[in-house]
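Sequential numbering from 1 along the given sequence is applied to the chain's residues.
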Amino acid sequence: MIRYRYSVCATVAAAFALCSCDGTMAPGPGASFGRHRGPLFPGMQFGTGGTSVAQGDWDGDGDLDLAAALNAVAVFLNNGDGTSTEYDYEAGNNPRFIAAGDLDGDLDLDLVVANLALGGNDISVLLNNGDGTFAAPITFDVDYTPRSLALGDLDDDGDNDLAVVNDHAEYNLSIFLNNGDGTFAAQEISATGSYLRSIAMGDLDGDGDNDLAIVEGFYGQVLVLLNKGGGTFAAPLMFPAGAGTVTLGDLDGDGDNDMAVTNGNSSDISVLLNDGGGAFAAPVTYGVGIQPRTIAIGDLDRDGDNDLAVTNYVSEYLSVLLNNGNGTFAVQREYVAPGSPTSLTVGDFDGDGDKDLAYAGDAGLFVLANRGDGSFAAQLIFGVGLTPDSVAVGDLNRDGQNDLAVAGWGSGFVPNVQGGVSVLFSTGHGTFAPHLFLSLGADVGSFSVAVGDLDRDGENDVAVASQDSGAVSILLSNSDGTFTRQPSVDVGDNPQSLALGDLDGDGDNDLAVANRYSKNVSVLLNNGDGTFAMQVTIDVGEGPSRIALGDLDGDNDNDLVVVAGGLLGLLNNGNGTFAEQEILDVGAGPSSVAMGDLDGDGDNDLAVTLSGGRVLSVLINSGDATFAERLMLEVGGGPESAALGDVDGDGDNDLALANRGSHNVSLLLNNGDGTFATHTTYGVGSYPRSIVMADLDGDGDVDLAVGVTDAVVDDSMTGAVTVLPNQIIP
């Protein structure tokens, strides 16, 4: 049975829901490669449950298509215009491994799939009809559970044969010689070793025929079987390596096939260089992530040599190692890859001439677009060593790029730990240098951070609410990325949130702070030099935890909105004093508030997260700080923080939310009138707590930065910021 779906979704993504480019829900799993328009972040999911991926031009139109072993065999035909059509084909029970090659001699690419199921161990062959659709599967048994397969001409008759390693007590190798029409002779079985894990095929000794490389997991070595011609093999040669999967390619530029092998036990990969005759040098190891599964080889940075990309199953990121030109490799770059990535392939999926990455994992099929220099339009994750309760953005070292400041407790909430702020300085293209930690002292947990010019010198300074000291720390910029700490400013008990803005109309940035335990808001007016007058407090009721600042009533001064049990509006009298609070009906359990024009009428509306469920409350301003009946929108679980910005470049503010309960981000595209398309979600790491929008890679569109409590960075669990670059391609 064939099922097909049409999708106009993102090229590159990590979503746990599927959407079209206008934010509406797609009818099912879909893929899209190539140039596209729309607010696309790395990570939109193309199907579920994928373990293996293959590439090829299935329909003969000159562009690369994809096929993946998902719940069925999913074939994604590239339409060449930034869209694709997905065809799903039934194969055997539980398809797990897939490979492509011409099996019936008609010059188009067919598919072969290994099926892993209790009580049924078989191989399915799907012959191409010539137009990218496939005939019903032809299935034949193997003796044992197929673990890995490879296609290529083994008997020198010009057609593609099949080699399969089997997971069984005898751990054997099955060879199926092609009859030339896509049917195969009975398998030839040979016992080759213990715990066979992976097989690759290629000419290893320079004699023109295909040899085999097989990973023997028990001893952590690669068995090399040199073809004697006719599909018979010499006794295996043994080379120490890893215990995972093997991939072949020329890594040192001498024209022969070298080997790269994953080692899940030691979280590294081994590179073995070929001497040209099928013997290999001692392995050189390179650290990657936890449980590396698959390596793909290709020129990723257009310098003429082959680089490496690795899936890391437990770390949930891709490692990219760029070749130094001699078969040695630079330190890995890490790209977030949600969904426990397993299989990986390299190819130009968007027609721009450089090599992209496509990987399959437990969450489905994903494509990561190459920027052209070996870096990828994908999520990047940066450790900060803190619980990232608050993230703020601004140029902090005068280089014209947006940097990030992160507030939170030190790891583990350990007594005497140094509290403070982590600063991530941009290095361009959405990447950031290792964090600079600005200490606030022992037992001083920072909870909220804001960036802005406090002393009128044209530089961005940093203000931090320190809940344990009951004060706000002021860090004035020295113009070079360093800061001078000023005397702290006393506020209320347990300050949770702060906002910067001109409250008294004198042109400098003042402070407003929500104090949870003292149940009030502190207003601190700036003296113009980064020092502040004594606080004036406003009682607001139970547990104020979040605060936002902006003009609500159209009188051109900044008002305050406070989350305090409910939602309170404090209207500015124009001089930094405030009228009596007004309670706004938003629903139960507000956790954060964002302010901005959502319906295009020029006044500030409100978006309020409700932490108790999966709901966002939108309040449309009538222009005088009165609000229409709230609009309730479904989002991810336990939304913790909201941000506004024009993600899709259409001139209106869209919404992004950090969903702590469901470990993802929701993106809601504005229809232009304050109503929103169905949310799309993106996996970003565990327990996201804060989110900001800004241009982080210098390409002119709005990206996302999300503070996540638990992430794996350099194989250690830490607080981190996940950066999602926007995938808008005009």
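Asp61 places a side-chain N or O within 3.5 Å of a backbone atom of Asp63 that can act as its donor or acceptor partner. A donor-acceptor pair under 3.5 Å links the side-chain atoms of Ser52 to the main chain of Ile98, judged by distance alone. Put simply, the side chain of Asn179 never gets that close to the backbone of Asp181: no donor and acceptor are under 3.5 Å apart. Listed for the Asp102 side chain is a donor-acceptor partner under 3.5 Å among the backbone atoms of Leu107. Within the 3.5 Å criterion, the main-chain N or O of Val75 finds no donor-acceptor partner in the side chain of Asp88. Ser270 places no side-chain N or O within donor-acceptor distance of the main-chain N or O of Val284, the cut-off being under 3.5 Å. Asn323 places a side-chain N or O within 3.5 Å of a backbone atom of Asn306 that can act as its donor or acceptor partner. A donor-acceptor pair is defined here as one N or O able to donate and one able to accept, closer than 3.5 Å; such a pair exists between the side chain of Ser315 and the backbone of Ile290. The backbone N or O of Gly361 lies less than 3.5 Å from no partner atom in the side chain of Ser340, so there is not a single donor-acceptor pair. Here the side chain of Thr342 pairs a donor or acceptor atom with the backbone of Ala360 at under 3.5 angstrom.
At least one side-chain heavy atom of Leu196 sits less than 4.5 Å from a side-chain heavy atom of Glu216. When side chains are defined from C-beta on, Ile214 counts as touching Leu173, because their heavy atoms get closer than 4.5 Å. With contacts defined as side-chain heavy-atom distances shorter than 4.5 Å, the pair Met238/Tyr219 does not qualify. Side-chain atoms of Asn312 and Leu318, non-hydrogen and from C-beta on, never get closer than 4.5 Å to each other. Proximity of Val224 to Leu204: side-chain heavy atoms (C-beta onward) are separated by under 4.5 Å at one or more points. Using a 4.5 Å cut-off on side-chain heavy atoms (C-beta onward), Asn128 and Trp58 make contact. Looking at heavy atoms from C-beta onward, Leu126 lies in side-chain contact with Tyr89 at the 4.5 angstrom threshold. Looking only at side-chain heavy atoms (C-beta outward), Thr311 and Ile295 stay at 4.5 Å or farther from each other.
Summarising the geometry, atom OG1 belonging to Thr294 is positioned 12.5 Å from atom OH belonging to Tyr359; distances are rounded to the nearest 0.5 Å. Asp211 contributes atom CG, which lies 7.0 Å from atom CZ of Phe233 (distance to the nearest 0.5 angstrom). In this structure, Arg333 CZ and Ser319 OG are separated by 12.5 Å, a value rounded to the nearest 0.5 Å. Atoms CG and CZ, on Asn370 and Phe349 in that order, are 11.5 Å from each other to the nearest 0.5 Å. With values rounded to the nearest 0.5 angstrom, Asp305 atom CG is found 8.5 Å from Leu322 atom CG. Asn178 CG to Asp161 CG: the interatomic distance, rounded to the nearest 0.5 Å, is 6.0 Å.
For residues 231-257, the pairs satisfying side-chain hydrogen bond (donor to acceptor under 3.5 Å, both in side chains) are Thr245-Thr262, with sequence neighbours left out. Residues in residues 286-304 take part in these salt bridge (charged side-chain N to carboxylate O under 4.0 Å, His left out) pairs, two or more places apart or across chains: Arg302-Asp354.
Among Asp65, Leu66, Leu109, the one residue that satisfies the side-chain contact (heavy atoms from CB on, under 4.5 Å) test with Gln55 is Leu66.
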Quiz item: When you look at Ile297 and Leu308, which way does the side chain to side chain contact (heavy atoms under 4.5 Å, CB included) test go after all the steps?
Solution: CA-CA 5 Å; Ile297 294 177; Leu308 301 176; 3.5 Å; yes
Q: May I have the step-by-step check of side chain to side chain contact (heavy atoms under 4.5 Å, CB included) for Leu237 and Leu223, ending in yes or no?
A: CA-CA 6 Å; Leu237 305 173; Leu223 308 177; over 6 Å; no
Exercise for review: Let me see the working for Asn115 and Ser124 under side chain to side chain contact (heavy atoms under 4.5 Å, CB included), right down to the final yes or no.
Suggested key: CA-CA 7 Å; Asn115 306 300; Ser124 294; 3.0 Å; yes
Side chain to side chain contact (heavy atoms under 4.5 Å, CB included) assessment of Asn263 paired with Thr285
CA-CA 9 Å; Asn263 188 351; Thr285 59; over 6 Å; no
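Residues meeting the salt bridge (charged side-chain N to carboxylate O under 4.0 Å, His left out) test with Arg147, sequence neighbours left out: Asp167. Scored by the side-chain contact (heavy atoms from CB on, under 4.5 Å) test, Ala279 finds Phe239, Asp275 as partners (sequence neighbours excluded). The ring pair (Phe, Tyr, Trp, His ring centres under 6.0 Å) search around Phe329 returns Tyr286, not counting sequence neighbours. For Phe140, the side-chain contact (heavy atoms from CB on, under 4.5 Å) partners are Ile123, Val125, Leu162, Phe176, Phe184, not counting sequence neighbours.
Closest non-hydrogen pair, Val708 versus Val684, comes out as CG1-O, 3.7 Å. Among all heavy-atom pairs drawn from Ser148 and Arg197, the shortest one is CB-O, 3.9 Å. When all heavy atoms of Asp122 and Gly92 are compared, the closest pair comes out as OD1-CA, 4.3 Å. For the pair Ala309 and Leu300, the tightest heavy-atom approach, listed with the atom from each and the gap, is CB-CD1, 4.5 Å. Considering all non-hydrogen atoms of both residues, Pro292 and Asp268 come closest at CG-O, 3.6 Å. Scanning both residues, Ala243 and Gly217, for their nearest heavy atoms gives CB-O, 3.8 Å.
For the residue pair Asn172 and Asn166, a side-chain donor N or O sits within less than 3.5 Å of a side-chain acceptor on the partner.
Ring centroids of Tyr335 and Tyr317 are separated by 6.0 Å or more, keeping the two rings apart.
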